[in-house]
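On a predicted model such as this, the values are computed, not experimentally measured, just so you know. Naming convention: chains lettered A, B, ... in sequence-line order (proteins, then strands); numbering from 1 in each chain.
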There are 2 protein chains.
Amino acid sequence: MNEVLADSSRTLADRVFSRLQDDIVRGVIAPGSKVSETDLAGRYGVSRGPLREAIRRLESRKLLEREVHVGTRVASLSFDDLIEIYHVREALEGLAAGLAARLMTAEEVAGLTELLGQHEQQQDLRHDTAYFQREGDLDFHYRIIQGSHNRTLIRMLIGELYHLVRMYRYQFSTVANRPQKALHEHRRIVEAIEARDAEMAELLMRRHISRARENIEQQAQQRSPQ
Amino acid sequence: MNEVLADSSRTLADRVFSRLQDDIVRGVIAPGSKVSETDLAGRYGVSRGPLREAIRRLESRKLLEREVHVGTRVASLSFDDLIEIYHVREALEGLAAGLAARLMTAEEVAGLTELLGQHEQQQDLRHDTAYFQREGDLDFHYRIIQGSHNRTLIRMLIGELYHLVRMYRYQFSTVANRPQKALHEHRRIVEAIEARDAEMAELLMRRHISRARENIEQQAQQRSPQ
DNA sequence: TCAATGCTTATTGTCGACAATGGCGCCAGG
DNA sequence: CCTGGCGCCATTGTCGACAATAAGCATTGA
């Protein structure tokens with residue numbers, strides 16, 4: 001899932017960028033906490049030069065927030081932020097699903113079907129839904145996004161938006177409370193893609209993400225009034 | 001239109017970022033040309049440190065392409081790239097128009113109406129469509145995007161995608177050959193927003209951008225076979 | 001004559017040091 | 001006791017120098 005490249009083939013700044021991003025997304029560095037350049041440079045064994053380049057890139061991905069002459073802090077997602085992101089996801093992944101239904105190769109469709117089978121099997125055998133909820137679900141969406149064959153779309157979703165989604169899941173340790181339903185929706189989306197029904201695939205994907213958003217909105221209402 | 005901030009309030013790296021981005025978008029630096037860090041540093045009167053930070057940020061916006069130990073070159077958009085971008089625009093700006101119809105303040109709607117009136121007047125008085133084609137059209141779209149009140153959406157469209165669109169327009173010195181039609185479509189979109197008809201606004205915006213894409217596809221077919 | 005190899009050189013990658021700005025605590029005055 | 005101003009300090013912003021890599025050229029051998 002992560003673009004793992006040989007360390008030697010990349011530059012120091014690139015490596016510290018990946019590692020720092022991972023630490024932020026996984027919550028190793030607490031959201032909202034202030035990070036000092038000197039500290040980070042020491043932590044990753046790098047000088048401040050490459051580190052600053054990495055910071056700038058993470059800043060444009062909204063994983064870090066910088067204030068001039070004051071410091072950098074890890075982004076802290078609010079529920080409102082997440083709702084916004086899900087609105088964008090609905091539009092973009094709907095597009096992706098439609099394009100995937102039209103453009104996915106037979107191999108890609110087969111791979112997607114196989115992945116879905118694995119998820120359903122895991123679901124049946126043991127009710128350990130942890131994997132599916134945390135990363136498996138994203139695997140499924142990644143495949144379809146890749147299947148759109150639209151590099152701009154892929155970059156915006158996987159390269160930018162999904163890091164925020166993943167960070168949110170770690171931040172709130174979200175337990176998706178509708179795994180069976182989600183899995184069923186995945187099945188129907190795959191069926192539409194297999195049938196090369198672009199409109200149906202788009203519709204189902206939009207609905208799928210829309211329901212996930214509604215689910216989050218309910219959680220937000222339950223938590224905030226307390 | 002551009003986020004013009006007092007130079008003193010920002011850091012050198014930020015300023016060189018803005019200036020470099022502008023020079024790339026406007027074609028002052030030829031697309032596809034290789035740019036040396038030393039040269040750029042000299043050109044903008046900065047050391048290589050801040051310059052590299054700016055480069056990293058422009059790289060993640062796909063305005064620059066970097067190859068390790070080889071160099072950085074200005075991105076050169078292909079027609080295929082642009083078609084991809086327009087597919088994404090269709091999805092995102094459709095969303096924006098729908099949200100704008102629901103969420104725009106009365107003041108924002110009034111401002112949008114006034115802007116449209118200016119465009120129509122310019123169109124009537126003299127057939128100088130240059131302004132409208134180059135920047136006026138974008139002004140209109142900017143307003144609606146801002147009207148969505150979705151910061152993530154605004155960032156993805158105005159902060160990232162639109163720089164590529166603008167670069168394309170300069171690169172191919174596009175003469176939009178359907179300004180009257182576009183203006184008429186703008187009028188209908190505004191009417192839908194004024195009526196707070198979100199579905200209609202989304203539909204009209206999607207169709208508007210879809211037609212612009214078809215227009216580009218035709219141009220591409222005319223040029224490439226030669 | 002051509003190709004392969006080693007060198008040269010320009011460019012990028014990295015680092016440590018210096019300058020500048022903002023926050024924080026201390027002190028004095030009311 | 002509270003509040004405002006002042007100065008110190010930590011942190012960020014910027015710079016110049018050094019190291020490492022890759023492309024281009026010349027040279028040499030077949």
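Atom C1' of nucleotide C/dT21 and atom CG of B/L12 are separated by 14 Å, given to the nearest angstrom. Note: CG (A/L40) to P (D/dG13) measures 13 Å, nearest angstrom. Rounded to whole Å, the distance from CZ on A/R52 to C1' on D/dC15 is 12 Å. B/D14 has its CG atom 15 Å from the P atom of D/dT12, to the nearest Å. Between B/L64 atom CG and C/dT12 atom C1' the separation is 15 Å, expressed in whole Å. Taking atom NE2 of residue B/H69 and atom P of nucleotide D/dG24, one finds them 16 Å apart after rounding to whole Å. Here the P atom of nucleotide D/dT14 and the CG atom of A/L51 are 16 Å apart, to the nearest Å. One can place CD of B/E53 at 16 Å from C1' of C/dT12, the figure rounded to the nearest angstrom.
No side-chain heavy atom of A/V165 sits less than 4.5 Å from a side-chain heavy atom of A/H141. Looking at heavy atoms from C-beta onward, A/V74 lies in side-chain contact with A/L64 at the 4.5 angstrom threshold.
Using modelled atom types and a 3.5 Å distance limit, the side chains of B/H119 and B/D137 yield no donor-acceptor pair.
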List, with names and distances, any nitrogen or oxygen atoms from the protein found under 3.5 Å away from nitrogen or oxygen atoms belonging to nucleotides 16-19 of chain D.
none

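The side-chain hydrogen bond (donor to acceptor under 3.5 Å, both in side chains) search around B/D23 returns B/Y44, not counting sequence neighbours. The side-chain contact (heavy atoms from CB on, under 4.5 Å) test applied to A/S60 returns B/S60, not counting sequence neighbours. By the salt bridge (Lys or Arg N to Asp or Glu O under 4.0 Å) test, A/E65 pairs with no residue at all, sequence neighbours left out.
Under the salt bridge (charged side-chain N to carboxylate O under 4.0 Å, His left out) rule, B/E160 has a single partner from B/R155, B/R89, B/R166, which is B/R155.
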Hey, can you pull the donor-acceptor pairs under 3.5 Å for the side chains in residues 94-104 of chain A, sequence neighbours left out?
none

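A salt bridge does not link B/E53 to B/R57: none of the charged side-chain nitrogens sits closer than 4.0 Å to a carboxylate oxygen.
Mapping A/V70 and A/A13 onto DNA chain C by nearest heavy atom places A/A13 closer to the 5' end of the strand.
Within residues 29-37 of chain A, no residue approaches DNA chain C, by heavy-atom distance under 4.0 Å.
In terms of phosphate contacts, B/T38 brings no side-chain nitrogen or oxygen within less than 4.0 Å of OP1 or OP2 of C/dA10. Considering only side-chain N and O atoms, B/R66 lies under 4.0 angstrom from the phosphate OP1 or OP2 of C/dG13.
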